[in-house]
Amino acid sequence: MEKTQLSYEETIRRAQGSMERFPLKNVNGVPLMCYIADNWDSISAFCPDPSDLLIATYPKAGTTWTQEIVDLLLNNGDAEACKRAPIVERIPFLEICSPPPIPSGLDLLKKMSPPRVIKTHLPFQLVPEGFWKNKCKVIYVARNAKDNLVSYYHFDRMNFTQPEPGPWEEYLNKFMKGEVGWGSWYDHVKGYWREREKRNILYLFYEDMKENPRREVERIMRYLGLSLSDDVIERIVQLTSFKIMKDNPMVNYTFIPDFVFDQSISPFMRKGEVGDWTNHFTPAQSQLFDEDYARQMKGEDIPFRTNI
Ligand SMILES: Nc1ncnc2c1ncn2[C@@H]1O[C@H](COP(=O)(O)OS(=O)(=O)O)[C@@H](OP(=O)(O)O)[C@H]1O
């Protein structure tokens, strides 16, 4: 039993040396980072203002990209205004909790006044009830399962706050079983899809954003009730291209120390493409995955695309 509180750096360094890193703990059947699970009561009691906006995603589905688009839209395309702080401070991550002294999402939110933009990876059924009671706007971004899995695999290799991913094939199996942080991709995308009309959720696809970013930026703009000039929209599209975001220190997560995110293992802004899964799946793995996918997504009509 530790008597003294470990520093954040020390906690992570110890996690790096162990196979366990930060273990996951179930919250209502969903595996979450243990610090989130331990603080679950206060997270689920969070009550937003009706003016707050939620950006919800399964991890690695295009969260940061959408966050930056939204912040630029709300700031009329002003790049300097969107460099006021790293993305994690501009748009707090609702449920994130780390060992002290790192502020939690709730700590950051307490210091901000509405209207706030908030990020979450929580599946629909775990989103605090206040968001629905207060009819908050919600943008959901989904990414096809195969590319989402590949991106998550590389992220878990470099992110020392998540369990060790293990070899690729093992990770692929864990993903299919939902035994990764924030649980099942399949349940996640279905949960929001089924509720999108009733709850006025704007449901977007990463592949659509890649195919025609301007169209999707305009879609988000309309959902937010904004009307910006053509020039401003075009600027936002440019500023949120993969190439520009990769070199933007306020969004590329280089502000996180490398003992937490070791970008020499895999950069946060890794490839930003549709179809990178073809470089990872063997034909046999792809077939097995597709068969399992058909079972898990039976009866759903969510128009995912694995290439564009
Ligand atoms: N502007 C832009 N255009 C295209 N793709 C982009 C962009 N910004 C981030 N990305 C890619 O999104 C992946 C990271 O996902 P998230 O931001 O959801 O990660 S997180 O869950 O918030 O940690 C990760 O995907 P992969 O490259 O496939 O790993 C990022 O590269």
Side-chain angles (χ1 to χ4, degrees), residues 8 48-49 51-57 59-94 96 98 101-121 137 139 141 151 155 158-159 161 202 204 206 209-210 213-214 216-221 223-264 266-273:
Y8 183 65
D49 186 82
S51 65
D52 289 335
L53 167 75
L54 187 67
I55 298 176
T57 54
K60 313 321 286 179
T63 328
T64 316
W65 189 7
T66 309
Q67 287 176 282
E68 187 68 352
I69 291 173
V70 166
D71 198 37
L72 279 160
L73 284 168
L74 294 175
N75 284 282
N76 199 35
D78 183 341
E80 286 316 304
C82 294
K83 292 207 168 106
R84 66 193 181 281
I87 195 77
V88 292
E89 287 173 33
R90 284 181 276 148
I91 302 185
F93 185 178
L94 174 64
I96 206 66
S98 293
I102 302 294
S104 68
L106 292 181
D107 292 337
L108 291 175
L109 284 166
K110 266 185 224 139
K111 292 193 201 126
M112 294 169 81
S113 37
R116 297 162 294 189
V117 185
I118 304 170
K119 157 183 168 177
T120 189
H121 289 323
K137 285 187 181 170
I139 298 175
V141 190
S151 182
F155 184 56
M158 63 80 106
N159 175 5
T161 69
L202 179 68
L204 302 173
Y206 181 97
M209 291 167 66
K210 281 297 289 187
R214 186 180 170 114
E216 301 307 305
V217 167
E218 287 181 347
R219 203 192 290 266
I220 299 172
M221 177 185 77
Y223 181 71
L224 298 180
L226 299 170
S227 174
L228 307 183
S229 71
D230 271 4
D231 285 357
V232 171
I233 296 169
E234 199 46 46
R235 193 182 325 139
I236 294 174
V237 171
Q238 298 309 322
L239 289 168
T240 56
S241 67
F242 180 74
K243 208 166 165 294
I244 298 288
M245 281 186 59
K246 191 174 172 61
D247 292 333
N248 177 350
M250 291 304 174
V251 295
N252 66 12
Y253 279 83
T254 48
F255 49 81
I256 300 280
D258 62 6
F259 60 84
V260 183
F261 284 0
D262 186 344
Q263 302 214 28
S264 69
S266 180
F268 185 93
M269 296 288 174
R270 197 183 55 90
K271 279 202 176 168
E273 285 172 4

K.L.:
Working note: F268 + N252, criterion side-chain contact (heavy atoms from CB on, under 4.5 Å); need CA distance, chi angles, decisive distance, verdict.
P.N.:
CA-CA 6 Å; F268 185 93; N252 66 12; 5.8 Å; no
K.L.:
Would you indicate whether the side-chain heavy atoms of M250 and C82 approach each other to under 4.5 Å?
P.N.:
no
K.L.:
Relative to the ring of F261, is the ring of Y253 parallel (under 30°), tilted (30 to 60°) or perpendicular (over 60°)?
P.N.:
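The rings of Y253 and F261 sit tilted, inter-plane angle from 30° to 60°.
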K.L.:
List the atom of V88, the atom of L108, and the distance in Å for their closest heavy-atom pair.
P.N.:
O-CD1, 3.6 Å
K.L.:
For the side chain of N75 and the backbone of D71, is there at least one donor-acceptor N/O pair under 3.5 Å apart?
P.N.:
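Checked: pair present.
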K.L.:
List the residues meeting side-chain contact (heavy atoms from CB on, under 4.5 Å) with P59, not counting sequence neighbours, and say none if there are none.
P.N.:
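Here the qualifying residues are H121, Y152, W182.
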K.L.:
Below 4.5 Å, heavy atoms only, C-beta onward: do T240 and T66 meet side chain to side chain?
P.N.:
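The answer is no; the side chains never approach within 4.5 Å.
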K.L.:
Please determine whether side-chain contact (heavy atoms from CB on, under 4.5 Å) holds for the pair R90 and E68, giving the CA-CA distance in whole Å, both sets of side-chain angles, and the decisive distance to 0.1 Å.
P.N.:
CA-CA 9 Å; R90 284 181 276 148; E68 187 68 352; 2.9 Å; yes
K.L.:
Salt bridge or not between D78 and K83? Use side-chain N to carboxylate O under 4.0 Å.
P.N.:
no
K.L.:
Between E273 and K210, is the closest basic N to carboxylate O distance under 4.0 Å?
P.N.:
no
K.L.:
The test is side-chain contact (heavy atoms from CB on, under 4.5 Å); show your working for V251 and N248 and say whether it passes.
P.N.:
CA-CA 6 Å; V251 295; N248 177 350; 3.6 Å; yes
K.L.:
Go through the structure and list residues passing side-chain contact (heavy atoms from CB on, under 4.5 Å) with F242, not counting sequence neighbours.
P.N.:
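Checked F242 against side-chain contact (heavy atoms from CB on, under 4.5 Å); matches are K246, M269.
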K.L.:
Got I87 and F255 here, is their nearest side-chain heavy-atom distance under 4.5 Å?
P.N.:
yes
K.L.:
Could you measure the distance from the CG atom of N76 to the CG atom of L226? Nearest 0.5 Å is fine.
P.N.:
9.0 Å
K.L.:
Quick check: closest heavy atoms across D262 and S264, and the distance to 0.1 Å?
P.N.:
OD1-OG, 2.5 Å
K.L.:
Not counting sequence neighbours, which residues clear side-chain contact (heavy atoms from CB on, under 4.5 Å) with S266? List them please.
P.N.:
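If we apply the side-chain contact (heavy atoms from CB on, under 4.5 Å) test to S266, skipping adjacent residues, the hits are H154, R157, M158, R270.
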K.L.:
Taking the side chain as C-beta and beyond, is there a heavy-atom pair between I96 and I102 under 4.5 Å?
P.N.:
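I96 vs I102: side chains apart.
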K.L.:
Do L94 and L106 come close enough that some side-chain heavy atom pair is under 4.5 Å?
P.N.:
yes
K.L.:
Look only at the side chain of Q67 and the backbone of V117, and say whether a donor-acceptor pair between them is shorter than 3.5 Å.
P.N.:
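Not confirmed, Q67 side chain does not pair with V117 backbone.
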K.L.:
Please check if any side-chain donor atom of D49 sits under 3.5 Å from a side-chain acceptor atom of S51, or the reverse.
P.N.:
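There is such a pair (donor and acceptor under 3.5 Å, judged by atom type) between the side chains of D49 and S51.
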K.L.:
Do R214 and D230 come within less than 4.5 Å of each other through their side chains, counting heavy atoms only?
P.N.:
yes
K.L.:
So L202 and R219, do their side chains get closer than 4.5 Å, heavy atoms only?
P.N.:
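Yes, close enough: below the 4.5 Å cut-off.
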K.L.:
What distance do L74 atom CG and I69 atom CD1 have between them, rounded to the nearest 0.5 Å?
P.N.:
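Spacing of CG (L74) from CD1 (I69) equals 12.0 Å.
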K.L.:
Side-chain contact, heavy-atom cut-off 4.5 Å: L228 with M221?
P.N.:
yes
K.L.:
Quick one: closest heavy-atom pair of I244 and L239, and the distance?
P.N.:
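Of all heavy-atom pairs spanning I244 and L239, the closest is CG2-O, 3.5 Å.
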K.L.:
Could you walk me through whether I55 and T120 satisfy the side-chain contact (heavy atoms from CB on, under 4.5 Å) test, starting with their C-alpha distance in whole Å, then the side-chain angles of each, then the deciding distance to 0.1 Å, before giving a yes or no?
P.N.:
CA-CA 6 Å; I55 298 176; T120 189; over 6 Å; no
K.L.:
Determine, for E89 against K111, whether the closest basic-nitrogen to carboxylate-oxygen distance falls under 4.0 angstrom.
P.N.:
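Result for this pair is no, no salt bridge flagged.
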K.L.:
For D52, run the salt bridge (charged side-chain N to carboxylate O under 4.0 Å, His left out) check against K119, K137, R116 and tell me which one passes.
P.N.:
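For D52, the salt bridge (charged side-chain N to carboxylate O under 4.0 Å, His left out) check succeeds only for R116.
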